[in-house]
Every structure is written in C-alpha cells, then in structure tokens.
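Here is the structure we will look at.
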Amino acid sequence: MMSKVEAAKEISELSEKIRYHNRKYYMEHTSEISDYEFDKMLERLLALEAEFPDLKEKNSPTQRVGGTISKEFPTVAHRYPMLSLSNSYSETDISDFDVRLRKVLAKAENENDFDYICEMKFDGVAISLHYENGSLLRAVTRGDGIQGDEITANVRTIRSVPLKITGANIPDYFEVRGEIFLPRKAFERRNQEIQKENEQRKAEGKKQLTLLANPRNAASGTVKMQDSSVVAQRRLDCFVYDMYAENMTFETHAQVLESLTAWGFKVSETYENCKTLDDIFAYIKKWDEKRHSLPLDTDGVVIKVNQLELRPLLGATAKSPRWAVAYKYKTESKTTILQKVEFQVGRTGAVTPVAYLKPVQIAGTTVKRASLHNQDEIERLDLHLGDLVSIEKGGEIIPKVTGVVAEGRKDSAQKVAFITHCPECGTALVRPEGEAAHYCPNEKGCPPQIKGRIEHFISRGAMDIDSIGSKTIALFYAQGWLNTVADLYELEGERILKLPNFKEKSVQNILEGIEVSKKRSFKNLLFGLGIRYVGKTVAEKLALHFKSMEKLKQASFEELIAVPEIGERIAQSLLDYFADADNRELLERLQARGLPFELLESEIPTTSGALSGKSFVISGTYENYERDELKDLIKQLGGRVVSAISGKVDYLLAGDKAGGSKLEKAEKLGVKILSEEEFENLKA
Ligand code: IVH
C-alpha cells in the first residue's frame, strides 16, 4: 500500500505534468507525448484521487473530464458589473465616438494622447473567471450584468481555461472576462452526431433530437448543462479579453493581453494596436472577409482605448463603458432564385409562408428556405415565382427574404398569392382583426393542429415525455389511435407491437415514458394543455394561485383577472377553454387516468415565510442540517441562497469551520453573520 505522503507527491507531480501537456496541446497546438501516454497519466491520477479522496485538489486536471452534477446554479453578484457595448455600424459612427472621447478628455484637462486596440467581437457567451492565489475560484455567467449564475464545474472542463496559473505580477485576487464559444468544427461535428443518433432513435421509436441552431446558442445551452462530463465532451473553447483587479499595475490594455497570454490564458491573436481612425478602418476592412476563416463566429470588431488610466475618466453609462465601442459587420446578404412558396400550418393553426430557394451559401451555411412571415410581407415584396430575391441571415436562425430584384422577371412570371384555404384540411382561413397572421380555424379536425397539440404536450417544460417524438405521433395519428392527449394514456402495447419496426423493448419504453409523465406537476400539465396564451410562466402563476384544476375551472372572469399578471385576453381564453364540452371531456379522461390535477403541498413556496426576500450565503457545517437541506429550507421560507458575499447579501450563515475569507468579507461589507442558533431564531 502506498503511503499518503507518497501519494501526495505522485499526485502533485502528475498534475504538474498533465497541466504542462494540456497547455502544449490546447494552447500551443503541439504535443510531446502520444495521446495514449497522456490518457495513462490521467487515468493514474484519477485512480490515486479515488484512493485518497482528501488529496484531490479542487482544480485538479481530472476536473477537465467533469463528473459534477449541478442541480441548479447559484446566483452570484458581480463585483464589477458586466456591461455591454454600444454598437456602431459605419465609419461615421466610429469617428463620432473618437470625437466624443477627445471632448471628454479635453474637459478633464487630460493632455495625454492615446491610441486604440482593435479586437474581434466573438459571438459566444460572456464569462467572468475569478482567480484567487493563482487558482480558478469560480466562473460566473453574465446574467443580467449585475448578477449571474455560477457555473464553475462546467467551466473547469474547458481546456483553454487555466485552472492554475503561474507567472510574474499575478494579483492575489482578480477577475478575467472572456467569451466561451463552440468552435465551428465542434458545432458541425455535434450536429453530425445528433443526426446519427436520430437514425438510431428512429429505429427504436424514440423522440428525435433537434439539431443545434448555431454555435452561439449551442455554447450558451452547453454551459448551463447539469452534467459537467457532458460539457467536457462538447469541446467548448474560451478567448479572454479583459481583466479586473483592485490594484492593477498595467498601463495599457495591450499589456493586459500580453500578461494574460503569459500566464496561460488563451487570447486571440487577432488584436492590433491602432493609432488613427484610418488604422481602425483598415482593421475592420481586413477582417470583413477574413473573419470567416477564424475557427469561431464573429460579428464585429471591438475598439478599446488602450490607456487604462483613461478608462475611469471616460466612465460608463448604465449599460456600456464610454471607452469602448463595437462595430457590427453588416448582416450578410446574397441573392438567389425563389423556386416555390409553401404554406405551413402550425400547432396553433397559424399559417406561415415559406420560401424555397435555390441553395446559397451565407455566412458559412447553406440556405434553402426562408421565412416570408405573412400576407402583407408577400405583397410588400410583390413576389413572383422565379424571382431573384435577396436573402439575409442576421443573428436569427431562420434567414429572411428582404427584397426582390424585379429586373429580368419574365412577363409570364406568376405572382405569389396567399392561400385562402388550409392546405392540410381545406377549411377556409381566417385573419383575425388587427393580426398579421392567417389561421386555420378547424382546431379539432386539422391534422397539424391535432398532432401539434400532442407534440406540445410531450415537450420539455410540459409533460416531458421523451420516449416518443413527432414521427411516432404522426404514425399513431395515422393509425387513428391518437387524436387527443388523453389518447396517449390509452395506447395499447399489443397493437403497437404489430407495427413494423417496433420491438418489445421500444414499445415498453414508449409506454413507460408515458406512465412516468403522470408524476409531473400540475404546472406542467396546465402548460401542456396548450390553452391559447397560457405559456409556461402563466401556467405556473395560475397553478400557484388556484392550486387545482377544479378551482381554476370554476374561476370567474373577475377572479382570473384579479391574479397578478393575468390580463383579460388570458382570462377570456381560459373561460373559452373550460366552456368547451370536448375540453371538459378531455380533462375528465385525464383525471381518471391519474394525471396531476392539483399542486402538491411541497410545491407551494411560503412567500409569507419568515425569510421572505432575504438572501443568504452558507458557509461551514451544521449540527442539525445537511447543506442541501438548509438550502431547501431557506427557499421554502421564501429566502434565496447565493454563493458569494456581496453588499447585497443579507446574511452569512456561518456554521462550524466557516470560511475565514467569507467571514472577513462579510464583516467588511457589513453583512450580518448568523450562527446556527441565531438562524433557528430568525426562521421561527
Ligand atoms: S470587451 C463592457 N471584447 O460583447 C464590455 N467584449 O456587447 C467589455 N464580446 O458582453 C467587453 N468579443 O460578451 C469585449 N473582444 C471582445 C469581445 C466582447 C465579444 C462580447 C462580450 C460582451 C459583449 C458586449
């Protein structure tokens, strides 16, 4: 058996080596050892940490593979607010910015000249990384700029975020700001994986996974995943571009970027020093096309005053600093041929015209379809089949048709007309007054509306039944088995088994998934019913207020609008829903099958609780509670738990062995410190 001292020595040596090779590989793109040798070292370290758990360091390189499950991400107040940038779109805007700066500085009687640093504007998720004594302490999302979510375990898996840093002039405590992104390659690879997995799922009759819309959304979804080992597999990356510390010794932003690089952070090499406006314009021009060859999406350039001492003089508005501005590149536009227009009917019966195009490449992706919004839009464009149309792809996922090049249109070209009848069920469409959209009013008989309601019912946030997907729903609908959501609970395994491609196992899986959904909350059910205007938040408000379907059903118009945030439109929609005989029958069937028609006692937060509106930081250990119990209790009583002390926190709950730095900080900021006993009194 190895002694603890020996183990400690080996752990420290191995960690050091792994860190070194990690850095070589991920930052310098070279490697001195084979993947195999690297994996062996990591395996050995994992084994040692498993054998000697108390020797495991919080920032051990094994954290890169993840494994932490975060049920929720604690809210943390930012020490320095995370602002955004004001945007500019032209050379004039930029020169106005420059003039403004010079005016403010002249007023402040500042004689110093200054220059700029231009950087690319990375299209990802902003992150704040806190380091204490050279070690990553926590990582916090931007949130609303004032407070964000602590996602440290997930960020530890990002290889280019150093867990430990060494070098000269590292402050004891500092914050680095940067952008987490999913490299375009990793994004494409993940979508290929999803497609493959979907083929498998199809064979098993499971719900299809949706493809990632774009790298930015993918990155923001990934950083908030609960299982950090999944995050580790996604290969996120991170560029840093800013730093905050109490007593900064740097004079320029360029020095900050150089030091960050030297300390082991990943700084994009695209930044440049620009002395004049012309230098800035040249930088912007140079990167206009070239940026598409970078490994990640960028949507502009950030222009920053290089001299740090000028930043406080220039200050900031509530939203953005005055010492920096973003230049946004124009959304890319291309022209292509309109081949046909089709009309899609959605879950709510809304009809959307979709343009089918001759495929074109825009901003790195192939575009074949674009939204045409509504009748007014088609008429505004005076659209004809075969037209040459301009397509734009902005930040949105779905590209837009923005204009028509009418020249060259043949006389015989057919004008695009909005349909008068539903393409799915033939019912005459209606356009409600004051709305731009057309609807198919045949709610109960129109196939996409019937299937759409069931799809909505099983979706995430609603009943979350992932053992079936839209294909299975369509199939069962075609068999005549599935017309309402209540039919889901009466599906017969025997019959499904007779369909081709359904094996015992997949049928069992489908039925189990449906059965389990009976355990969801009343809130989910209410949202899942798809009552018009009753989205997730409204459903939650209604559930918390009325607590049961019965009470909600009996509520009058006046009682409904008396609920905060429930307006007349929602109230009327609810009354209409419950007045409908088919809906009432549907609810009876659902209730008979044991679906949740009431809110459970445990789901009702006591807003009148003794701790209502108060925020707590928990530190140390407790005699009467596990930490999670304590958290739940505080929430139950209406309080909030955050992870870091700031001036906004009401109490530091200091148990046994509470952190010294937390205590110190609480004292400094005047945050009340409570012992376990005092807490007991407070909540009583
Ligand atoms: S500096 C006051 N530099 O853009 C904010 N931001 O609109 C100073 N961003 O929240 C930020 N690339 O998430 C800075 N090179 C860059 C950036 C960058 C992307 C993001 C960042 C920020 C947003 C502001």
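We count ligands from 1, going down the list as the structure has it; atoms in each ligand are counted the same way.
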Less than 6.0 Å separating the ring centroids of His456 and Phe527?
-> yes

Name the orientation class of the two ring planes belonging to Phe97 and Tyr116 (parallel below 30°, tilted from 30 to 60°, perpendicular beyond 60°).
-> tilted

Give every residue pair that meets the salt bridge (Lys or Arg N to Asp or Glu O under 4.0 Å) criterion with at least one member in residues 311-322, sequence neighbours excluded.
-> Asp242-Arg311

Report the relative orientation of the aromatic rings in Phe122 and Tyr241; use parallel for angles under 30°, tilted for 30 to 60°, perpendicular for over 60°.
-> parallel

Anything with a heavy atom under 4.0 Å from ligand 1 counts, so go ahead and list those protein residues by chain and number.
-> Leu83, Ser84, Leu85, Glu119, Met120, Lys121, Phe122, Ala126, Glu179, Tyr241, Val302, Lys304, Pro321

Looking at Asp113, Asp115, Thr252, which hits side-chain hydrogen bond (donor to acceptor under 3.5 Å, both in side chains) with Gln307?
-> Asp115

Tell me whether the centres of the aromatic rings in Tyr173 and Tyr131 are closer together than 6.0 Å.
-> no

